[in-house]
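Heads up: numbering here begins at 1 and tracks the sequence.
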Amino acid sequence: MIHNATLGLPINILHQNRTEDEMQSFFDPKADVVPLVLAVLIVSVNSLVLVLMSRKRNLRSNTNLLLGSLALSDLLTGLVSVPLFLTCNIVRQSAICVTEEQMSRFISASIICHLMSVTVDR
């Protein structure tokens with residue numbers, strides 16, 4: 001049987017139609033609840049940072065604008081990367097998993113660039 005190198009799953013599992021009961025069997029509460037809780041924390045904290053920066057004029061310095069941009073990149077992690085990761089783990093379809101991988105790489109590169117710009121600014 002041929003295996004998919006990125007997921008370690010047999011190819012025929014990735015493309016066959018499954019019933020709803022079989023799809024639910026991929027949800028593992030021990031493994032999937034932690035990223036879900038982290039996503040909620042990521043979204044709430046970074047949203048708070050962005051709201052504070054938009055309402056308080058004294059927080060709009062150049063350095064804080066870079067930190068706000070970093071908060072926006074982190075917010076994308078909580079809104080896009082983590083839900084796609086969970087969807088890939090539950091559904092296990094190659095199109096979703098490839099999309100998740102690409103989006104996670106793009107957002108991670110964005111976060112690294114923002115961290116570098118904050119470091120250079122200081």
Side-chain angles (χ1 to χ4, degrees):
M1 182 171 285
I2 300 173
H3 283 25
N4 183 327
T6 58
L7 299 177
L9 297 173
I11 297 279
N12 62 351
I13 289 178
L14 293 173
H15 298 293
Q16 73 186 31
N17 293 329
R18 293 182 300 272
T19 64
E20 189 173 326
D21 292 335
E22 290 172 338
M23 285 178 44
Q24 288 179 354
S25 67
F26 289 122
F27 181 75
D28 182 19
K30 291 180 183 177
D32 293 338
V33 169
V34 174
L36 188 62
V37 170
L38 285 175
V40 170
L41 286 173
I42 289 168
V43 169
S44 60
V45 169
N46 287 301
S47 296
L48 178 65
V49 168
L50 292 172
V51 167
L52 285 174
M53 289 188 68
S54 69
R55 293 194 178 184
K56 305 285 184 181
R57 289 208 179 269
N58 59 348
L59 292 178
R60 295 185 191 167
S61 67
N62 287 337
T63 301
N64 287 346
L65 288 176
L66 286 172
L67 291 174
S69 181
L70 175 62
L72 185 62
S73 292
D74 285 341
L75 185 67
L76 284 175
T77 300
L79 290 174
V80 177
S81 291
V82 176
L84 278 175
F85 171 75
L86 290 172
T87 304
C88 175
N89 281 345
I90 293 169
V91 177
R92 297 190 183 191
Q93 291 182 353
S94 60
I96 293 172
C97 293
V98 168
T99 303
E100 179 267 327
E101 187 70 29
Q102 294 299 318
M103 290 301 294
S104 293
R105 288 179 184 189
F106 173 76
I107 293 172
S108 297
S110 172
I111 290 171
I112 290 170
C113 289
H114 283 97
L115 285 171
M116 288 175 38
S117 65
V118 168
T119 303
V120 168
D121 184 57
R122 293 197 175 238

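By the criterion of side-chain heavy atoms lying less than 4.5 angstrom apart, applied directly or through intervening Ile, Leu, Val, Met, Phe, Trp or Tyr residues, V80 is grouped together with F106 in one hydrophobic cluster. Linking ILVMFWY residues whenever their side-chain heavy atoms come closer than 4.5 Å, directly or via other members, places L50 and L115 in the same cluster. Under the 4.5 Å side-chain contact rule for hydrophobic residues, L52 and L65 do not share a cluster. In the hydrophobic clustering of ILVMFWY residues, with side-chain heavy atoms under 4.5 Å counting as a link, L79 and I107 come out together.
Contact record, A39 with G78: CB-O, 3.8 Å, taken as the closest heavy-atom pair.
Listed by first then second residue, pairs satisfying side-chain hydrogen bond (donor to acceptor under 3.5 Å, both in side chains) with a partner in residues 29-47 number zero, not counting sequence neighbours. Listed by first and then second residue, the side-chain hydrogen bond (donor to acceptor under 3.5 Å, both in side chains) pairs that reach into residues 67-82 are S69-H114, S73-S110, S73-H114, sequence neighbours excluded.
With values rounded to the nearest 0.5 angstrom, D121 atom CG is found 5.5 Å from L66 atom CG. Considering CG of N64 and CE of M53, their distance stands at 5.0 Å, rounded to 0.5 Å. The CG atom of L75 lies 9.5 Å from the CD1 atom of I42; values are rounded to the nearest 0.5 Å. S54 OG to R60 CZ: the interatomic distance, rounded to the nearest 0.5 Å, is 6.5 Å.
Of the possible polar contacts, one joining the R92 side chain to the N89 backbone as a donor-acceptor pair under 3.5 Å is found.
Every residue two or more places apart in sequence or in another chain that forms a salt bridge (charged side-chain N to carboxylate O under 4.0 Å, His left out) with R105 is listed here: E101. For R122, the side-chain contact (heavy atoms from CB on, under 4.5 Å) partners two or more places apart in sequence, or in a different chain, are T63, L67, V118.
Under a 4.5 Å side-chain heavy-atom cut-off, the cluster of Ile, Leu, Val, Met, Phe, Trp and Tyr residues that includes L86 is completed by L36, V82, F85. Clustering of Ile, Leu, Val, Met, Phe, Trp and Tyr by side-chain heavy atoms under 4.5 Å joins I112 with M116.
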